[in-house]
Amino acid sequence: MAGRIVEVEAYFGESDPSSHSYSGKTARNAVLFGPPGHAYVYFIYGMYYCLNVSCEPEGRAGGVLFRALEPIRGLELSTSGPGRLCKAFGITRDRDNGVDLTSPRSDLQIRDDGYVADDILITPRIGITKDTARPARFLLAGNPYVSGKRSSS
DNA sequence: AATACGATTGTCT
DNA sequence: GACAATCGTATTC
């Protein structure tokens with residue numbers, strides 16, 4: 001399976017009240033404090049997993065949440081929304097938390113396809129209750145696979 | 001040990 | 001637009 005990332009959100013670690021790492025390192029968020037490029041998978045609302053990649057040097061927290069993909073091949077299921085894309089890829093905490101997303105040998109892999117966008121839209125983040133005005137959600141403007149929409153037209 | 005809540009989504013009105 | 005589903009963590013007792 002493969003998909004192109006079309007929507008992400010940034011979380012800024014210990015300076016960000018909306019970040020899981022705001023209150024320091026715990027067993028749950030330990031990956032965010034580890035080396036960059038690794039998968040932080042968390043379980044939310046009792047039924048969904050969400051995928052992040054750690055982004056700061058080891059010892060500092062920070063990550064990016066993948067919110068939506070545009071299917072490229074092998075994806076029949078919806079990948080619009082952080083819970084849905086994990087469901088489509090079968091991502092779970094047990095299986096994927098902590099894996100190196102830069103390694104060709106890991107099941108999950110993020111690669112640079114050289115794509116450059118000039119139509120990136122920046123908005124506040126979705127689903128949070130603190131720091132709700134901060135512009136930290138990045139998406140491809142007009143892309144039909146971004147989250148937050150119903151399929152009706 | 002008990003409780004409150006969340007980086008979501010689907011269904012109903 | 002409102003709310004239920006559902007459970008791992010963090011917080012509080």
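Chain letters run A, B, ... following the sequence lines, proteins first and then strands; every chain starts at 1.
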Next on the checklist: Checking Asp100(A) against Thr102(A): is there a side-chain donor and acceptor pair closer than 3.5 Å?
Outcome noted: yes

Using side-chain heavy atoms (C-beta onward) and a distance below 4.5 Å, is [X] in contact with [Y]?
X: Leu69(A); Y: Val6(A); result: no
X: Arg73(A); Y: Met1(A); result: no
X: Leu65(A); Y: Cys50(A); result: yes
X: Leu85(A); Y: Glu7(A); result: no
X: Arg137(A); Y: Ile126(A); result: yes
X: Phe66(A); Y: Ile110(A); result: yes
X: Tyr40(A); Y: Ser54(A); result: no

Checklist entry - Does a side-chain N or O from Thr26(A) land closer than 4.0 Å to OP1 or OP2 of dA10(C), or not? => result yes

Item to check | OP1 or OP2 of dA7(B) under 4.0 Å from side-chain N/O of Arg134(A) | outcome: no

Next on the checklist: Pairing check on dT8(B): which nucleotide meets the Watson-Crick or G-U wobble criteria with it, both distances under 3.5 Å?
Outcome noted: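 Base-paired to dA5(C).
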
Nearest-angstrom distance from the residue atom [atom1] of [X] to [atom2] of [N]:
X: Leu32(A); N: dT9(C); atom1: CG; atom2: C1'; result: 15 Å
X: Leu77(A); N: dG10(B); atom1: CG; atom2: P; result: 11 Å
X: Arg28(A); N: dT9(C); atom1: CZ; atom2: P; result: 7 Å
X: Glu9(A); N: dT8(B); atom1: CD; atom2: C1'; result: 12 Å
X: Asp94(A); N: dG8(C); atom1: CG; atom2: C1'; result: 12 Å
X: Ile126(A); N: dT9(B); atom1: CD1; atom2: C1'; result: 13 Å
X: Tyr11(A); N: dG6(B); atom1: OH; atom2: P; result: 13 Å
X: Arg84(A); N: dT8(B); atom1: CZ; atom2: P; result: 12 Å

Next on the checklist: Could you check whether Arg67(A) pairs with Glu9(A) (Lys NZ or Arg NE/NH1/NH2 to Asp/Glu carboxylate O, under 4.0 Å)?
Outcome noted: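 Here Arg67(A) pairs with Glu9(A) in a salt bridge, since their nearest N and O are under 4.0 Å apart.
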
Next on the checklist: Go nucleotide by nucleotide along DNA chain B from the 5' end; which of Gly81(A) and Lys130(A) gets its closest nucleotide reached first?
Outcome noted: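 Whichever sits nearer the 5' end wins; that is Lys130(A).
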
Next on the checklist: Please give me every residue in residues 34-70 of chain A whose heavy atoms get under 4.0 Å of an atom in DNA chain C, ordered by residue number.
Outcome noted: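 Heavy-atom cutoff 4.0 Å gives Phe43(A), Tyr45(A), Gly46(A), Met47(A).
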
Under 3.5 Å, which protein N or O atoms sit close to an N or O of nucleotides 2-4 of chain B? Give each pair with its distance.
none

